[in-house]
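Let me begin by presenting the structure, written as structure tokens, before commenting on it.
Residue numbers start from 1 in every chain, and the chains themselves are labelled A, B, ... in the order their sequence lines are given, proteins ahead of strands. For clarity, every value in this text was computed on a predicted model and none was experimentally measured.
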There are 2 protein chains.
Amino acid sequence: METSAPGKDRQERILDAVVELLSHGGISSVSMRAVAREAGVSLGLVNYHYADKASLIAAALRRVEEQDLAIVAPDPDLSPEERLRAALARVAAPEYLTTEYLSLRLQLWSLAQAHEDFEQINTEAQKRYRAGLAALIRAARPELSRGECARRAADIDVVQNGLWLTALLGLDRASVKRSVVRCEEIALRDD
Amino acid sequence: METSAPGKDRQERILDAVVELLSHGGISSVSMRAVAREAGVSLGLVNYHYADKASLIAAALRRVEEQDLAIVAPDPDLSPEERLRAALARVAAPEYLTTEYLSLRLQLWSLAQAHEDFEQINTEAQKRYRAGLAALIRAARPELSRGECARRAADIDVVQNGLWLTALLGLDRASVKRSVVRCEEIALRDD
DNA sequence: TGAGGGATTGAACGTTCGTCCAGTTCTTCG
DNA sequence: CGAAGAACTGGACGAACGTTCAATCCCTCA
């Protein structure tokens, strides 16, 4: 039969548990035992699949970062400019603007500061995100130089990060919307 | 003689230690023992001055937030518009753009997510910061309504938070500078 | 000078942590 | 079926944790 690999489901549930705990109580609430409990799995199994706590968390972070890249994934049904607008609007989509997701991002950044391994994971993910964004801009505005696209992508990244952070600290839908518009202006303005 | 109160110095050093540990290793590296060691003080004294770990950290957070308000403190030597520009430029001043300070801010936000007491401290500080910013804008642009000033202050807060976050994750002085300019545009534009 | 009280110490307690491991169950395949 | 190996369990270990507390230090003032 073509079922999923035997240990795969449990591994996924373990990573889910890490993410769940991380986003709700911060790194302090992520212990091997809490993860096992949350995943409905024995303590030993967590250590069986992941060598130690650091690599467990690293695996969870990598999975989260992977999902994040979906934001700048080009939508094939749209024109280049619409594709860009869709990507820029996506950061304010309900699925990303939840407390749970935003809090997770914050914990992720926080971890990147405290641990070198996590910092590397985060840095690489951010680089890929910006590259995806720059590519979208370049497709929508072919006349712009590669450097200018990278510059605009960096500026948008600043506003988006601020948008997420501010949404998390005290959700203000109006200012979120204005920030999305600001990102569009940065990406598409002519000069 | 007019020296400082006896226990005051040690209390300050204890809070310094919390901030130091927090910004360098995150909340995970803040233990009562580590704080005592860093402050050059016995373990018992930390618990003597602060009822428990939570109130110790809360005290440290309150002190940091207090310092943050200095950013929007009006500079009496300048005209209203210059005063505003000075405040907006201050977020990119060398004293605030250090890894240590930025990392501290991040940990602070992260703590606000995980603990309700810390969230309240953070929320109130942010409110006061925005109010200070709005007041600066209103002084520089008296023709603007109170609501419009608050709106602009909120938008600037978004960009500034993003600026700090991005500076921390991967310092890019050029995009930092562009973001400061963007904040000035938001604050001062006519329309 | 000496009594009183705040400041300070380090040992001790019980809990929880990450890690390890001997043992058991499950799955696969000759 | 039965051997083999992967998946999985839970108890045990030492270390580190937050908290408590009796004891000591140090300053002040009567």
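- Between A:R10 and D:dA7 there is no side-chain polar atom (N or O) within less than 4.0 angstrom of OP1 or OP2.
- Computed from coordinates, the B:Q11 CD to C:dG6 C1' distance equals 12 Å when rounded to whole Å.
- The pair B:D155-B:R189 fails the salt-bridge criterion, with no side-chain N (NZ, NE, NH1 or NH2) lying under 4.0 Å from an Asp/Glu carboxylate O.
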Write out a two-atom table: protein N or O, nucleotide N or O from nucleotides 18-23 of chain D, distance below 3.5 Å.
unit_1: D:dG18; atom_1: OP1; unit_2: B:K53; atom_2: NZ; d: 2.7
unit_1: D:dG18; atom_1: OP2; unit_2: B:M32; atom_2: N; d: 2.8
unit_1: D:dG18; atom_1: N7; unit_2: B:R33; atom_2: NH1; d: 2.7
unit_1: D:dG18; atom_1: O6; unit_2: B:R33; atom_2: NH2; d: 2.7
unit_1: D:dT19; atom_1: OP2; unit_2: B:K53; atom_2: N; d: 2.9

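- Separating the CD1 atom of A:I27 from the C1' atom of C:dG18 is a distance of 13 Å, rounded to the nearest angstrom.
- Residue B:E124 places its CD atom among 12 or fewer non-hydrogen atoms of other residues, nucleotides or ligands, all under 6.0 Å distant.
- A salt bridge links B:R85 with B:E81; the closest basic N to acidic carboxylate O contact falls under 4.0 Å.
- Taking 4.0 angstrom as the limit, A:Y48 places a side-chain polar atom (N or O) nearer than this to OP1 or OP2 of D:dA7.
- Partners of B:Y48 under the side-chain contact (heavy atoms from CB on, under 4.5 Å) rule, at least two apart in sequence or in another chain, are B:L45.
- The interatomic distance linking B:L45 (CG) with D:dC26 (C1') rounds to 13 Å, in whole Å.
- Atom C1' of nucleotide C:dG18 and atom OH of A:Y50 are separated by 17 Å, given to the nearest angstrom.
- To the nearest angstrom, C1' of D:dT9 lies 13 Å from CD1 of A:I14.
- A donor-acceptor pair under 3.5 Å is formed between the side chain of A:W164 and the backbone N or O of A:V91.
- Look at A:H49 and you'll find a side-chain N or O under 4.0 angstrom from OP1 or OP2 of D:dC8.
- Between the A:R130 side chain and the A:A153 main chain, no donor and acceptor come within less than 3.5 Å of each other.
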